[in-house]
2 protein chains.
Amino acid sequence: MRNSKAREIILEELKGLTTHPRGDELYDIVRQKLPRISLSTVYRNLNVMRQNGLALELHCGDYNRYDANIMPHNHFLCRRCERVWDVEAGSLPEPASAGALSGFRLEGQYTVFHGLCADCAASTG
Amino acid sequence: MRNSKAREIILEELKGLTTHPRGDELYDIVRQKLPRISLSTVYRNLNVMRQNGLALELHCGDYNRYDANIMPHNHFLCRRCERVWDVEAGSLPEPASAGALSGFRLEGQYTVFHGLCADCAASTG
DNA sequence: TTAAGTGCAAATAGTTTGCCAGAGT
DNA sequence: ACTCTGGCAAACTATTTGCACTTAA
């Protein structure tokens, strides 16, 4: 992985965000600094950065979201309205059996909580 | 949601699996009992079942996976080879601030661990 | 001086939807 | 009857890829 202006700016912009944007949202942001960049370059670099541990791809709901923060990202996903909320990290889970993960290098984790949000729970009873 | 033979069999087959299959994999399995069912019917019913809390859609890696078990499902996703492992549940995370989830109905959760698997960690050093 | 990176356009593929016919209550 | 459901085919859309050119080391 050698240096590239595009990747540098993508990572810089991603680091400045706490919103874990989708690929196309990050594209819109990066384009303000690099107007001629293409969407495929953004996705390509997000993949390169993810493979190299510089960015995290969060699978939550219908879209992939990206983040440059290694902090745990916990979400609540409502099965009815499909909205996604951030949930502050509480006690965090540890991989249960060390044996099962022997030799693995654990770098991070995120938890997806699911159920009904307050609105949907209220309207369902 | 009224009764339907298709939905009944889809749910029955899904309950019999511990592999959290993708939509198309479940389609192949269900087709053995209902040869004329279509892929869209499987997806449609998975969505209906998910919205009604009968099935869980897991977002981990590149595909949506489905499960009828409410037990926590933890996975390890290797950022290099992109393989996914099941991880036995250890201590599980609780939503940190009860206030942030006030009124929410928490029905389940799953955690995605990420990093390098043993093979990729070994070949990288 | 060579392999990685880029822009553009086209392709891929998981998933959804329109439509009309069929089945549950 | 009334409307939820299913099969089929076509559409949708986030993401990836082929290609020819450019750039970093």
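No experiment lies behind these values; they were computed from the predicted model shown. Only this structure's heavy atoms are used, side chains among them; waters, hydrogens and symmetry mates stay out. Residue numbers start from 1 in every chain, and the chains themselves are labelled A, B, ... in the order their sequence lines are given, proteins ahead of strands.
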Ring-plane angle category for Trp85(A) and Phe104(B), please: parallel below 30°, perpendicular beyond 60°, tilted otherwise.
perpendicular
Please work out if Asp62(A) contacts a base, only the sugar-phosphate, or nothing of the nucleic acid, heavy-atom cut-off 4.0 Å.
nothing
Enumerate the ring-ring contact (aromatic ring centres under 6.0 Å, His included) contacts for residues 46-67 of chain A, please, sequence neighbours excluded, ordered by first and then second residue.
none
Has the side chain of Arg2(A) got a donor or acceptor atom sitting under 3.5 Å from an opposite partner on the base of dT23(D)?
yes
Quick test of your reading: applying salt bridge (Lys or Arg N to Asp or Glu O under 4.0 Å), list the pairs with at least one residue in residues 47-59 of chain B, sequence neighbours left out, ordered by first then second residue.
Glu82(A)-Arg50(B), Arg50(B)-Glu57(B)
Range on DNA chain C touched by chain B, heavy atoms, distance below 4.0 Å
dG14(C) to dT25(C)
Can you run down the ring-ring contact (aromatic ring centres under 6.0 Å, His included) pairs that involve residues 1-39 of chain A, sequence neighbours left out, and say none if there aren't any?
His20(A)-His73(A), His20(A)-His75(A)
Take the protein atom CG of Asn64(B) and the nucleotide atom C1' of dT15(D), then report the distance between them rounded to whole Å.
14 Å
Could you check which residues of residues 32-45 of chain B get a heavy atom under 4.0 Å from DNA chain C? Sort them by number, please.
Leu39(B), Ser40(B), Tyr43(B), Arg44(B)
Residues which pass salt bridge (charged side-chain N to carboxylate O under 4.0 Å, His left out) with Arg22(B), listed by chain and number, not counting sequence neighbours:
Asp24(B), Glu25(B)
Expected list for residues 16-24 of chain B near DNA chain D, using heavy atoms below 4.0 Å, is none
Separation of Tyr27(A) atom OH from dT16(D) atom C1', in whole Å?
15 Å
Separation of dT15(D) P from Met49(A) CE (nearest whole Å):
14 Å
All pairs passing ring-ring contact (aromatic ring centres under 6.0 Å, His included) where residues 29-51 of chain B contributes a residue, at least two apart:
none
Applying side chain to side chain donor-acceptor pair (under 3.5 Å), can you list everything that pairs with Asn52(A), at least two apart in sequence or on another chain?
none
Using only side-chain N and O atoms of Ser4(A), determine if any of them is under 4.0 Å from OP1 or OP2 of dA24(D).
no
Do any side-chain atoms of residues 5-19 of chain B form donor-acceptor pairs under 3.5 angstrom with protein atoms, and if so which ones, sequence neighbours left out?
from, atom 1, to, atom 2, distance (Å)
Arg7(B), NH1, Asn45(B), OD1, 2.9
Arg7(B), NH2, Arg2(B), O, 2.5
Glu13(B), OE2, Lys33(B), NZ, 2.8

Note the angle between the end axes of the helix from dT1(C)-dA25(D) to dT25(C)-dA1(D), five pairs defining each, rounded to 10 degrees.
40°
Listed by chain and number, what are the salt bridge (charged side-chain N to carboxylate O under 4.0 Å, His left out) partners of Asp62(B), not counting sequence neighbours?
none
